[in-house]
Undergrad: 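For reference, the structure I am asking about is given below.
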There are 2 protein chains.
Amino acid sequence: MVSSKDVAKMAGVSQSTVSRVLNNPASVKPVTRNKVLNAMKELSYHPNLIARSLVTNSTRTIALITGTLYNGFFVETTNSIINLATSRGFKTLVYFEGAMKLRDVFDSLRGQKVDGILLSSITLDDPMFEEIKRSQIPYMMFNRRPRDGGNYVVLDNLLAGEIITRHLLDLGHQRIAYISGETNVSTFFERKLGVQKALSEAGTSLQPELFHVIDTNPTDVEKVTLKLMHMSQPPTAILCATDAMAFACMDAILSLGLRIPDDVSLAGIDDISMASHHAIQLTSVGHHKFRMGEIAAENLIEMIEHGFSPDHPRQIVLQPELVIRKTTGRKK
Amino acid sequence: MVSSKDVAKMAGVSQSTVSRVLNNPASVKPVTRNKVLNAMKELSYHPNLIARSLVTNSTRTIALITGTLYNGFFVETTNSIINLATSRGFKTLVYFEGAMKLRDVFDSLRGQKVDGILLSSITLDDPMFEEIKRSQIPYMMFNRRPRDGGNYVVLDNLLAGEIITRHLLDLGHQRIAYISGETNVSTFFERKLGVQKALSEAGTSLQPELFHVIDTNPTDVEKVTLKLMHMSQPPTAILCATDAMAFACMDAILSLGLRIPDDVSLAGIDDISMASHHAIQLTSVGHHKFRMGEIAAENLIEMIEHGFSPDHPRQIVLQPELVIRKTTGRKK
DNA sequence: CTGAAAGCGCTTACAG
DNA sequence: CTGAAAGCGCTTACAG
């Protein structure tokens, strides 16, 4: 491998000068600079970024710890995060939730000297939150947040749950099923609170046989959907805690030969882009245009470049918007 | 930051010994080893992987250069690639096609000392291909390949194009439109060849007014679909070169109030998982079960760990399977 | 504007 | 089984 020492020798200068033309070209005389530049080209020299990182203690790399791409929401955030990071000259190391324990990912990240961390994968009372704060590495959580404190950008999930439930109530639905993910996660915890709030304001409540907390994978959603629709008195509307779950739910409903919304109304939360496809037309509530991924990445990079104080956390809450499409209808 | 020197001091041993308990614990006496281990825990020591990489010349990191996640095909490969890499102890640096020039990505990768490269983003006559080979970095291409040579895993795209076209011909369609991506990319080049082959075997050919080569983004697909359906004599079937394009095409057809397949048949290529959703039911041809992403990652890691010879390239061609769903029907 | 020297935090022969 | 020394390829004061 050709090193800056080789370039220096060929150009007849010192290694320091080679380093300068790389990092502060204005500080070296044009004639010298050109000699160095030519030697670099001649030897097709590529500076060893590892060596540079060791001394500068910066890698221009961020880590993204995200929920699975089988959830279209994370496809969108992953896409915008990586694109934004790239445009700002950062590389992105991607980790999927569940493939490794958060604690191991985090230990590895410390050794790797990433400049910042973006994560969606944190539970309400996650013990890792303290460690992350203690590590002093700039971080930004998105979509989910710990019970209190920290830097994050999230949807107003309580309001989202409330709005979408009220929409179903307004259509005359009384038997509303709610399929949720585990409530040790802020999104599911808060969305459920919103659902309950809207129901109680309507003088009713979440009925135990219509409320299911499950793993969010398509198979489990399908199973519980079949169970619901096979009840002696099935729900007239099903609300899923995410659009990704609503897609799986829709798949199961249609597989039964039932029609949406004629036989059962269906709604989701997140308003991901596939929801607007003409073959889907899912009623949902979300924040599509606010670009949560970009907000997260932008704030993180600002913290990396301009410093941050733990005393002034960045807490951004996006307002949800109801988007009524074709999967919800008046109760017959 | 606490370094191995601090650990050594606290444990009363040399830095070499600290390094040994990390890399070859069996070679150090249990008593000594425990003293070191305790010191590490006490100081909550995390070895600096950057420093290690500088001397071992290995980063346990691979780079993935992939097409956009707005194409569901790449969602699936990205997901399986990162999961497989993680399970083998590799980190994954992700780059999206288009966000940076391939040449810049590649220059950056050299400096970063990634252990291997996985890329879908290469054109038939891409000048970068020579550079990649010359760099000696293990690499594996997937989905697309250069005109000749190299390590890759691809679908038999010609056969795929042929099979799906024959399916449409068998249903009695004669006015078959074909919407393709740029043919300087192997997938589109070969799929088109397959389409032409099937048509010519049926005594017909690709008619210029029904053949469109466009950028694969949804907006352009929708535009060309509208143009097609507004012809005085519209096609009775539309074939899209990828499922992702077919989804956009479907969206446009449905927005016109037309029914699929009653008014027009629609088919794609890739057989991505969303194609089987009951609200979509897209007829397609692909290799779903062969897990292209995993094959690519597995081969790359094998090359990294056991070496590779440019004289024996790894060239894997997956056989396509036709999956007839609900979007294609007999010509009326 | 440029060079010599030290140092970033590891690993790796080498010697004992 | 363990330690002292050198070195990986850069950058960064410091001096001139």
Side-chain angles (χ1 to χ4, degrees), chain A residues 1-40 43-61 91 107-115 135 137, chain B residues 1-40 43-61 91 107-115:
Chain A
M1 218 46 248
V2 20
S3 77
S4 65
K5 201 182 264 177
D6 302 312
V7 175
K9 193 175 297 172
M10 173 169 242
V13 299
S14 74
Q15 224 178 337
S16 321
T17 298
V18 174
S19 177
R20 281 188 199 99
V21 339
L22 246 25
N23 301 303
N24 187 8
S27 77
V28 14
K29 202 163 54 175
V31 190
T32 321
R33 194 197 307 152
N34 282 327
K35 277 193 297 185
V36 173
L37 255 13
N38 287 334
M40 285 179 174
L43 298 167
S44 79
Y45 166 69
H46 295 275
N48 184 326
L49 269 26
I50 296 284
R52 176 182 295 171
S53 289
L54 184 58
V55 22
T56 61
N57 212 28
S58 140
T59 53
R60 296 293 283 179
T61 301
K91 290 143 270 174
D107 282 348
S108 163
L109 258 27
R110 304 184 69 135
Q112 246 147 126
K113 304 289 172 198
V114 296
D115 290 350
S135 78
I137 301 175
Chain B
M1 215 47 245
V2 21
S3 77
S4 66
K5 202 182 264 179
D6 302 311
V7 175
K9 194 175 297 172
M10 173 170 241
V13 300
S14 75
Q15 224 178 338
S16 319
T17 298
V18 174
S19 176
R20 281 188 199 99
V21 340
L22 246 25
N23 300 304
N24 187 9
S27 78
V28 15
K29 202 163 54 174
V31 190
T32 322
R33 194 196 308 150
N34 283 327
K35 277 193 299 188
V36 173
L37 254 13
N38 287 334
M40 283 179 174
L43 299 167
S44 81
Y45 166 69
H46 295 275
N48 184 326
L49 270 27
I50 296 285
R52 176 181 295 169
S53 290
L54 184 59
V55 22
T56 61
N57 214 27
S58 139
T59 53
R60 295 295 282 179
T61 300
K91 289 143 272 172
D107 282 347
S108 163
L109 258 26
R110 302 185 71 135
Q112 246 147 125
K113 304 288 171 200
V114 297
D115 289 351

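In the text below, chain A, chain B and the rest are named by the order of the sequence lines, each starting its count at 1.
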Undergrad: Working to the nearest 0.5 Å, report the span between CG of B/Asn48 and CE of B/Met1.
TA: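 Between atom CG of B/Asn48 and atom CE of B/Met1 there are 8.5 Å.
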Undergrad: Quick check: closest heavy atoms across B/Leu22 and B/Pro47, and the distance to 0.1 Å?
TA: CD2-CB, 4.1 Å
Undergrad: My understanding is that only residues two or more places apart in sequence, or in another chain, count here; which of them pass side chain to side chain donor-acceptor pair (under 3.5 Å) with A/Ser4?
TA: A/Gln15
Undergrad: Side chain to side chain contact (heavy atoms under 4.5 Å, CB included) with A/Asn57: which residues, sequence neighbours excluded?
TA: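 In terms of side chain to side chain contact (heavy atoms under 4.5 Å, CB included), with neighbours along the sequence ignored, A/Asn57 is linked to A/Lys113.
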Undergrad: So, using salt bridge (Lys or Arg N to Asp or Glu O under 4.0 Å) as the criterion, who are the partners of B/Asp6 when residues are at least two apart?
TA: none
Undergrad: Who passes side chain to side chain donor-acceptor pair (under 3.5 Å) against B/Thr61, sequence neighbours left out?
TA: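 Side chain to side chain donor-acceptor pair (under 3.5 Å) check on B/Thr61 returns nothing, list empty.
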Undergrad: Sequence neighbours left out, cut at 3.5 Å: what donor-acceptor pairs do the side chains of residues 32-39 of chain A make with other protein atoms?
TA:
| from | atom 1 | to | atom 2 | distance (Å) |
| --- | --- | --- | --- | --- |
| A/Arg33 | NE | A/Pro25 | O | 3.3 |
| A/Arg33 | NH2 | A/Val28 | O | 3.3 |
| A/Asn34 | ND2 | A/Pro30 | O | 3.3 |
| A/Asn38 | ND2 | A/Asn34 | O | 3.2 |

Undergrad: Specify the residues of residues 11-20 of chain B, ordered by number, for which at least one heavy atom lies under 4.0 angstrom from an atom of DNA chain C.
TA: B/Gln15, B/Ser16, B/Ser19, B/Arg20
Undergrad: Go ahead and write out DNA chain C as dot-bracket, 5' to 3': ( ) for pairs within the strand, [ ] for ones crossing earlier pairs, | when the partner sits on another strand, dots for unpaired; Watson-Crick or G-U wobble, both distances under 3.5 Å.
TA: |||.||||||||.|||
Undergrad: Would you grab the first and last nucleotide of DNA chain D (5' to 3') that comes under 4.0 Å of any non-hydrogen atom in chain A?
TA: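 It runs D/dG9 to D/dA13.
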Undergrad: Determine which pairs satisfy salt bridge (charged side-chain N to carboxylate O under 4.0 Å, His left out) with at least one residue from residues 17-28 of chain A, sequence neighbours left out, and list them in order.
TA: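 Residue pairs with at least one partner in residues 17-28 of chain A: there are none.
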Undergrad: Nearest heavy-atom pair of B/Leu54 and A/Ile50: which atoms, and what distance?
TA: N-CG2, 3.7 Å
Undergrad: Starting at CZ of A/Arg52, measure out to OG of A/Ser19 and round the result to the nearest 0.5 Å.
TA: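 Interatomic distance, A/Arg52 CZ to A/Ser19 OG, rounded to 0.5 Å: 7.5 Å.
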Undergrad: Apply salt bridge (Lys or Arg N to Asp or Glu O under 4.0 Å) to B/Arg60 and list each qualifying residue two or more places apart in sequence or on a separate chain.
TA: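 For B/Arg60 the salt bridge (Lys or Arg N to Asp or Glu O under 4.0 Å) partners, ignoring immediate neighbours, are B/Glu305.
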Undergrad: Taking DNA chain C as the partner, which of residues 21-33 of chain A come within under 4.0 angstrom of it by heavy atom?
TA: A/Ser27, A/Val28, A/Lys29, A/Thr32
Undergrad: Once salt bridge (Lys or Arg N to Asp or Glu O under 4.0 Å) is applied, do any residues pair with A/Asp107, and if so which ones, sequence neighbours excluded?
TA: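 Salt bridge (Lys or Arg N to Asp or Glu O under 4.0 Å) list for A/Asp107, sorted by chain: A/Arg103.
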